[in-house]
Amino acid sequence: MFKVASWNLNSVRSRLSHVTAWLKVREPDVLLLQELKGTEFPSEAFKSLGYDSVAVTQKAYNGVAILSRHPMKTIAKALVGDDSDSHARFLEVVIKGIRIANVYLPNGNPVGSDKFAYKLAWMDRLTQQMIRWKRDDVPTLIGGDFNVIPEDIDCHKPSSWKHDALFQPEPRARYRAMLGLGYADAFRSLHVGEIGHFTFWDYFRQAFQNNRGIRIDHFLLSPRLADRLESCEIDKGPRGQEKPSDHTPIIMTLSDLP
DNA sequence: ATGTCCTGAGCTTCAGGA
């Protein structure tokens with residue numbers, strides 16, 4: 001069994017005790033982290049728990065890291081397609097023969113702004129990379145904060161998100177196009193039609209207490225990995241703790257190769 | 001428009017991002 005998790009921390013410094021406590025209990029083989037929010041990365045804290053790590057950071061914003069209990073080879077620290085893009089949003093490694101890409105897609109608000117255009121361009125670049133990945137034999141997992149609400153059932157109330165970049169037709173069409181390439185949405189493929197499953201809740205207006213959330217953290221699996229998918233669950237526990245991230249972890253398990 | 005939380009400059013609060 002191979003357990004992979006993903007968690008947007010909204011600052012690794014503010015959430016270090018949360019994530020280390022969570023790792024001790026859940027013991028995933030691999031953890032993808034997003035929104036580190038700072039240049040410092042506490043690799044020693046994770047090393048003492050048995051995890052090697054690789055991180056791409058920048059000052060104040062963004063930042064992604066991958067923790068692994070198995071040998072990990074770093075392949076890329078940036079998404080190709082725009083040399084002028086300096087945001088820390090992408091990390092690609094190989095662990096146990098699986099290509100794992102950790103992504104933190106742009107938020108894109110407000111709709112119609114330069115940020116929205118950057119979000120769409122970033123998704124186009126990721127789609128092109130996902131097409132290139134299909135050309136080799138390496139089973140591939142893309143996980144992280146996609147900042148896309150795929151379908152109406154992935155938010156508590158569509159009308160509340162009608163004007164938000166995460167819910168616009170353009171990013172949703174691009175997410176669907178990724179599925180159209182043959183990648184499976186791990187959570188939805190095992191929870192068809194189920195409502196009320198979210199990975200993010202706003203800090204304000206008691207959104208979590210009232211389960212007014214959205215599902216924007218995803219795992220996309222190439223066909224050979226989708227065949228090995230055993231479970232995919234959202235762990236709401238951390239979102240209910242003191243000083244939580246606004247996101248909560250998503251966890252999936254793959255069966256071992258025969 | 002509102003709500004809340006985080007970072008970082010360099011204030012004893014603010015702007016910017018989410």
Side-chain angles (χ1 to χ4, degrees), chain A residues 6-22 32-43 45 55-65 78-79 82 84-91 102-123 126 143-150 154-168 170-172 174-175 198-218 234 236-250:
Chain A
S6 177
W7 193 358
N8 177 320
L9 286 181
N10 186 19
S11 168
V12 68
R13 189 170 63 185
S14 292
R15 236 63 69 190
L16 186 57
S17 63
H18 299 70
V19 67
T20 52
W22 188 83
L32 315 181
L33 299 174
Q34 303 87 33
E35 273 211 273
L36 306 175
K37 283 194 161 177
T39 50
E40 296 296 312
F41 185 75
S43 51
V56 184
T57 65
Q58 69 180 84
K59 193 159 77 176
Y61 306 120
N62 308 320
V64 290
L79 179 62
D82 182 357
S84 68
D85 180 6
S86 58
H87 288 202
R89 297 185 176 278
F90 181 89
L91 190 47
N102 183 11
V103 296
Y104 175 47
L105 271 64
N107 175 293
N109 276 304
V111 175
S113 65
D114 289 349
K115 290 179 191 169
F116 190 68
Y118 173 64
K119 179 192 188 104
L120 299 183
W122 209 96
M123 294 190 81
L126 179 58
D145 178 1
F146 283 70
N147 266 318
V148 176
I149 302 165
D154 296 311
C155 66
H156 67 284
K157 193 167 83 172
S159 61
S160 298
W161 295 90
K162 191 173 182 176
H163 303 293
D164 195 283
L166 281 58
F167 200 62
Q168 294 310 298
E170 297 92 337
R172 293 172 75 182
R174 281 161 175 79
Y175 187 84
F198 309 126
T199 63
F200 168 96
W201 299 260
D202 268 320
Y203 283 122
F204 28 82
R205 286 177 296 186
Q206 299 202 296
F208 181 67
Q209 289 81 351
N210 294 291
N211 200 29
R212 291 192 289 259
I214 52 179
R215 191 176 72 91
I216 57 175
D217 299 87
H218 308 300
I234 297 162
K236 288 178 73 173
R239 186 62 180 81
Q241 294 173 344
E242 288 295 307
K243 287 268 173 193
S245 168
D246 40 10
H247 295 250
T248 213
I250 175 172

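Note that the coordinates shown come from a computational prediction; the quantities given were computed from them, not determined experimentally. We name chains A, B, ... by the order of the sequence lines, and we start the count at 1 in each one.
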To the nearest 0.5 Å, what is the distance between CD (A:Gln168) and CG (A:Leu120)? 9.5 Å
Nearest whole Å is fine: how far is B:dC6 P from A:His247 NE2? 13 Å
B:dC6 phosphate, OP1 or OP2: any side-chain N/O from A:Arg15 under 4.0 angstrom? yes
Whole-Å P distance, B:dG3 and B:dA9: 27 Å
Which listed nucleotide (B:dT4, B:dT7, B:dA18) is nearest to the side chain of A:Phe204? B:dT4
Aromatic ring pairing A:Tyr175/A:His218, orientation class (parallel under 30°, perpendicular over 60°, tilted between): tilted
Which one, B:dT7, B:dG17, B:dC5, comes nearest to the side chain of A:Tyr203? B:dC5
Closest-nucleotide ordering on DNA chain B, the 5'-leading residue of A:Tyr104 and A:Pro244: A:Pro244
Nearest to the side chain of A:Lys243, which nucleotide is it out of B:dC6, B:dG8, B:dT2? B:dC6
Atom CG of A:Asn62 to atom P of B:dG8: distance rounded to whole Å? 12 Å
Could you tell me the separation between the NE2 atom of A:His163 and the CG atom of A:Asn109, rounded to the nearest 0.5 Å? 12.0 Å
Counting only side-chain heavy atoms from C-beta out, which of B:dT7, B:dC6, B:dA18 sits nearest to A:Ala60? B:dT7
Which listed nucleotide (B:dA18, B:dG3, B:dT7) is nearest to the side chain of A:Arg205? B:dG3
By nearest atom, which of the nucleotides B:dT7, B:dC5, B:dA18 is closest to the A:Lys115 side chain? B:dA18
Please state how far atom CG in A:Leu105 lies from atom C1' in B:dG17, giving the value in whole angstrom units. 16 Å
Any A:Ser14 side-chain nitrogen or oxygen under 4.0 Å from OP1 or OP2 of B:dC5: no
How many Å lie between CH2 on A:Trp201 and C1' on B:dG3, as a whole number? 18 Å
Taking the side chain as C-beta and beyond, is there a heavy-atom pair between A:Phe198 and A:Ile234 under 4.5 Å? no
Regarding A:Glu40 and A:Thr57, is there a side-chain donor-to-acceptor distance under 3.5 Å anywhere? no
Does a nitrogen or oxygen in the side chain of A:Lys59 sit under 4.0 Å from OP1 or OP2 of B:dA9? yes
Which whole-number value in Å describes the distance from A:Asp246 CG to B:dC6 P? 9 Å
